[in-house]
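The first residue of the sequence shown is numbered 1, and numbering continues consecutively from there.
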Amino acid sequence: MKKISLIAVLLINTLFFAQNKLGYWDNVRITNETISLRAGEKKYIKTAPFPEGTTEVVFRITLLDDNQKISSSLVSLLKAIPDPSGISQGSAGAVFLVSTIAGDDTCKFGVFTTETDAKNFVKTGKFTNACYTQDKPVNKDAKLLSSQSNCKIDSVSQLYFAFESNNWVMSEKVLLEVVPWVDNKLSSGWTNTRKNELIEVLKKVDFYNSLQKKEEFVYQSLQSITKQYTYTEYSKLLDVEKKVILQNVFDTSLQTTGEVDKYYTIIRSKANALFNKGKIDEAIALIQNDIFTKKRNKAIDYYTLAKYFIIQKKFDKVATLLEPVQDSKEVEIQLALAHFYMFTNKINDAKEIHKAFKTFSFVDTTWAIQTQKDLQLFEKCGLPSDNFKKIRNIF
């Protein structure tokens with residue numbers, strides 16, 4: 001009895017003094033429940049859900065006498081026994097019952113990881129699948145259950161404590177207290193298994209194989225996501241929300257690895273593929289949302305977006321796009337301006353630009369060849385071609 005009390009004191013003291021950088025005793029999500037058991041009755045208590053990162057729990061069980069006032073008299077006790085012969089014989093048995101009801105009530109109990117097993121115990125009284133059992137009746141108990149115990153605390157969300165009264169006559173109360181220990185590193189919910197699942201997602205992005213620093217990219221992305229969100233928060237996000245978050249994470253990670261240009265080259269290729277499939281609105285949205293919104297736009301992006309708007313005959317949007325950069329010396333922007341002027345009755349301005357850059361060579365083509373390709377595309381898309389001959393004559 002004294003040994004059990006000492007353990008309880010030591011364990012409860014731990015709750016106050018064991019806080020450290022590794023973790024903490026959660027004093028919010030505790031279980032503090034009292035149940036009443038009739039003579040021989042069996043019941044169970046479901047603990048409060050454990051917080052993410054729980055690796056250990058301390059529980060303390062205390063039996064409280066619910067009948068001390070009416071058990072002070074032996075006569076009253078005997079009157080309370082319907083059939084004394086069925087319980088014990090003689091005064092020795094009566095004294096035992098008195099001492100039990102006077103403060104020494106006991107019970108058996110088991111700890112289960114599923115509610116089904118706890119309910120089965122209530123029906124059968126058998127400790128089948130219990131991860132911890134106390135089949136010897138006790139009036140107090142205190143234990144620490146860890147992830148190494150049969151209860152596997154780090155892989156269950158809560159426990160089920162099932163009790164059986166050992167009082168033959170009167171009712172008794174059982175007080176259950178459960179306090180979880182939370183590991184700081186695991187409190188985010190990002191276990192190694194869950195991290196590996198996220199790593200597999202990162203490895204499937206379309207630009208992954210083109211990276212030289214693959215491992216560094218995965219590491220940076222993983223760190224960014226797991227620091228910003230707990231596993232529960234991240235798993236509850238909608239797919240469209242995850243997509244936006246991942247895009248921002250990719251951008252930051254690629255900046256860190258120095259390979260951000262590769263990512264945006266792939267975005268441009270995606271936009272071009274969408275355009276070739278006739279999905280021009282999707283191509284425009286991709287460039288606007290994934291390049292311009294993130295302020296990653298280059299001269300080629302102004303040229304491409306302007307060309308798409310021209311094909312849609314949305315010249316007001318072309319004007320809005322190019323006006324802030326109309327004085328730029330970037331060759332791609334100048335070509336976009338030349339096209340815009342040609343369709344907006346500024347043919348002389350368009351011709352001046354073409355004359356200035358007609359001998360220019362891009363990395364993979366020339367100004368003259370690219371202009372001819374664009375004019376052919378405009379013709380194919382049904383744009384007015386009145387000024388095309390004037391431009392072609394320059395070359």
Side-chain angles (χ1 to χ4, degrees), residues 29 49-54 154-158 182-298 300-301 304-305 308-309 311-312 314 317 321:
R29 287 162 286 193
F50 300 146
E52 287 280 6
T54 297
D154 59 343
S155 59
V156 297
S157 58
Q158 55 195 150
V182 181
D183 184 294
N184 281 332
K185 289 184 178 180
L186 300 178
S187 61
S188 66
W190 287 104
T191 61
N192 286 338
T193 299
R194 291 167 175 173
K195 285 182 179 179
N196 283 327
E197 291 173 356
L198 183 56
I199 287 172
E200 290 304 311
V201 172
L202 296 172
K203 287 182 177 180
K204 290 179 180 178
V205 298
D206 47 17
F207 58 86
Y208 177 77
N209 290 329
S210 67
L211 300 177
Q212 292 182 340
K213 301 178 181 178
K214 294 181 177 65
E215 292 185 359
E216 188 176 348
F217 164 75
V218 169
Y219 173 78
Q220 294 293 342
S221 299
L222 185 66
Q223 289 292 102
S224 180
I225 294 171
T226 55
K227 284 183 179 180
Q228 289 183 63
Y229 303 93
T230 65
Y231 175 77
T232 300
E233 291 171 342
Y234 184 76
S235 61
K236 288 182 179 179
L237 292 172
L238 299 175
D239 288 342
V240 66
E241 294 174 315
K242 286 182 181 179
K243 183 178 180 180
V244 173
I245 289 168
L246 287 173
Q247 294 292 346
N248 292 330
V249 167
F250 294 161
D251 189 75
T252 302
S253 299
L254 290 169
Q255 286 185 62
T256 303
T257 62
E259 296 183 282
V260 69
D261 286 340
K262 288 184 178 181
Y263 171 67
Y264 288 103
T265 297
I266 291 173
I267 295 295
R268 294 179 184 103
S269 297
K270 278 185 175 182
N272 185 58
L274 288 170
F275 174 77
N276 290 334
K277 292 178 181 179
K279 299 179 179 180
I280 190 167
D281 287 330
E282 292 182 35
I284 290 172
L286 185 61
I287 294 174
Q288 288 179 322
N289 297 333
D290 285 35
I291 297 181
F292 277 84
T293 299
K294 296 178 182 178
K295 301 186 184 305
R296 293 290 175 182
N297 42 289
K298 293 185 176 181
I300 187 64
D301 302 310
T304 302
L305 197 54
Y308 291 168
F309 283 143
I311 290 170
Q312 290 186 322
K314 296 179 179 178
K317 290 192 175 183
L321 174 69

Rounded to the nearest 0.5 Å, what separates atom [atom1] in [X] from atom [atom2] in [Y]?
| X | Y | atom1 | atom2 | answer |
| --- | --- | --- | --- | --- |
| Lys242 | Tyr234 | NZ | OH | 5.5 Å |
| Lys314 | Ile284 | NZ | CD1 | 6.0 Å |
| Asp281 | Leu274 | CG | CG | 10.5 Å |
| Asp154 | Leu186 | CG | CG | 8.0 Å |
| Gln223 | Tyr219 | CD | OH | 4.0 Å |
| Ile225 | Trp190 | CD1 | CH2 | 6.5 Å |

### Task
Run the salt-bridge test on Lys270 and Asp290 with the 4.0 Å N-O cut-off and return the result as yes or no.
no
Is the shortest side-chain heavy-atom distance between [X] and [Y] below 4.5 Å?
| X | Y | result |
| --- | --- | --- |
| Tyr308 | Ile287 | yes |
| Lys317 | Leu305 | no |
| Phe207 | Glu259 | no |
| Phe250 | Ser221 | yes |
| Val156 | Phe50 | yes |
| Gln312 | Ile280 | yes |
| Thr252 | Gln220 | no |
| Glu216 | Thr256 | yes |

### Partners passing side-chain contact (heavy atoms from CB on, under 4.5 Å) against Glu233 (at least two apart in sequence or in another chain)
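Listed in chain order: Tyr229, Thr230.
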### Task
Please determine which of Asn289, Asp206, Leu286, Asn272 meets the side chain to side chain contact (heavy atoms under 4.5 Å, CB included) test together with Ile267.
Leu286
### Query
Hey, mind stepping through Asp301 and Tyr264 against side-chain contact (heavy atoms from CB on, under 4.5 Å) and telling me if it holds?
CA-CA 10 Å; Asp301 302 310; Tyr264 288 103; over 6 Å; no
### Message
I'd like to know whether NZ of Lys298 has more than 12 heavy-atom contacts from other residues, nucleotides or ligands below 6.0 angstrom.
### Response
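Check fails, neighbour count at 12 or below.
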#### Entry: Gln255 versus Asp251, side-chain donor and acceptor atoms under 3.5 Å
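Yes, Gln255 and Asp251 have a side-chain donor paired with an acceptor closer than 3.5 Å.
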Donor-acceptor under 3.5 Å ([X] side chain, [Y] main chain):
| X | Y | answer |
| --- | --- | --- |
| Thr265 | Asp261 | yes |
| Lys213 | Thr257 | yes |
| Ser187 | Asn184 | yes |

### Query
Out of Lys185, Arg29, Arg194, which one pairs with Glu52 under the salt bridge (Lys or Arg N to Asp or Glu O under 4.0 Å) rule?
Arg194
